[in-house]
**Q** 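Pasting a structure below so you can have a look.
Remember, it's 1-based here, ligands and their atoms both numbered in the order they're listed. We count residues from 1, following the sequence as given.
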Amino acid sequence: YGDKMKNIIIVATGGTIAGSGKVGKATNYQAGKINIKEIIDSIPMINEVANLKAIQLFNVDSNEMNEEHWIILANKINDLASQKNVDGIVVTHGTDTLDETAYFLNLTINTYKPVVLTGAMRPASATSADGPINLYQAVCLASCDDALGHGVMAVFSSTIYSGRDIQKISNFKTDAFDQKDFGCLGYMNDDKVMMFSRTFKKHTLQSVFSEKPITELPPVGIVYYYAGAKPDILTMMAQNHRGIVIIGSGSGNYSQAWLNEIETLAAKGIIFVRASRVNQGIVYESDVFDPHNVCIPSNTLSGQKARVLLMLALSVTQNTKEIKRIFNEY
Ligand code: ASP
């Protein structure tokens, strides 16, 4: 880690890494119960890696996270990252919605300094809890010069992921994440960082959304298409949302009845993004499912990440063409 130990701040938000339940058991516990100081104290050698300071910002199950938490968290990290004596930031977070927070931060954090999310699948009270090793490695990554300029990342099960592409793929195993078709950014070998790839998509310092603090986000909802789904769910969603992300079948597809309703609502000013319920691949423009070009294809973003980007995009423009460009760049 060079001659001098780095100063790393751990911002704790809860999750299973701070979970507590029956001693030895891996399931049926409550997330967001244990203070970050207690977790740090349980990790051998962590204080040899960096000078650590911990902030307990929230202590919640990540299903309680919402746009307000994201804004508070982003502002806190931006404030910390602007301090000269802070070298990197680690965020502990529940795994359920970690992918959404990671992408939001990737787009709104204004620093080249490493920001690394981590969490755990097993509560602190379980046999072989995975939180301590994940947090240890997240601190190692945040302290490493090789981590500079990669945007917001996450470390899980000795693997380094980008905030843009990370997704939860198991609700059971400790190796619970992957990065869609894109492999991973790198691996951790104990405390050593091994980076292998870099994202081409804009983040942090290049992101227009990190230029000034976000104060509020416009309402954007998600609707899921299934065989036989009636279009009135779109009509209802449009009543109190500016934008709607459709999780379509295949490459962002749906029935003719949905297409008709989408076109009617788009004419009234609702902005639509087409994403897919299929985990891999890409959603591109479609002459069949969007013949009049009223929707924005989600590209490779999952529905929930497309929602994050649409909320941010709508906070700077209402122009569909412009939002399409944003979806290609971020
Ligand atoms: N329900 C938990 C949470 O997201 C799951 C976890 O952290 O693994 O907070």
**Q** Is Ala120 close enough to touch ligand 1? Criterion: a residue heavy atom under 4.0 Å from a ligand atom.
**A** yes
**Q** Looking at Asn63, which atoms of ligand 1 are within less than 4.0 Å of one of its heavy atoms?
**A** 1 (N)
**Q** What protein heavy atom lies closest to atom 8 (O) of ligand 1? Include the residue and the distance to one decimal.
**A** Thr95 OG1, 2.5 Å
**Q** For Asn171, I'd like to know if atom CG has over 12 heavy atoms of other residues, nucleotides or ligands within 6.0 Å.
**A** no
**Q** In the protein, which heavy atom is nearest to atom 4 (O) of ligand 1, and how far is it?
**A** Ser62 OG, 2.5 Å
**Q** Any atoms of ligand 1 less than 4.0 Å from a non-hydrogen atom of Gly15? List them with their elements.
**A** 7 (O), 9 (O)
**Q** Give me the residue, atom name and distance of the protein heavy atom closest to atom 6 (C) of ligand 1.
**A** Thr16 OG1, 2.6 Å
**Q** Tell me: protein heavy atom nearest atom 1 (N) of ligand 1, and distance?
**A** Asp96 OD2, 2.8 Å
**Q** Relative to the ring of Phe58, is the ring of His69 parallel (under 30°), tilted (30 to 60°) or perpendicular (over 60°)?
**A** perpendicular
**Q** With the threshold set at 4.0 Å, does a side-chain nitrogen-carboxylate oxygen contact exist between Asp145 and Lys6?
**A** yes
**Q** Would you say Tyr284 and Ile246 are hydrophobically clustered, going by side-chain heavy atoms of ILVMFWY under 4.5 Å?
**A** no
**Q** A side-chain contact here means heavy atoms from C-beta on lying under 4.5 Å apart; do Ser286 and Arg274 qualify?
**A** yes
**Q** Please list, chain by chain and in numerical order, all residues satisfying side-chain contact (heavy atoms from CB on, under 4.5 Å) with Thr111, sequence neighbours excluded.
**A** Ala81, Ile109, Lys113, Val115
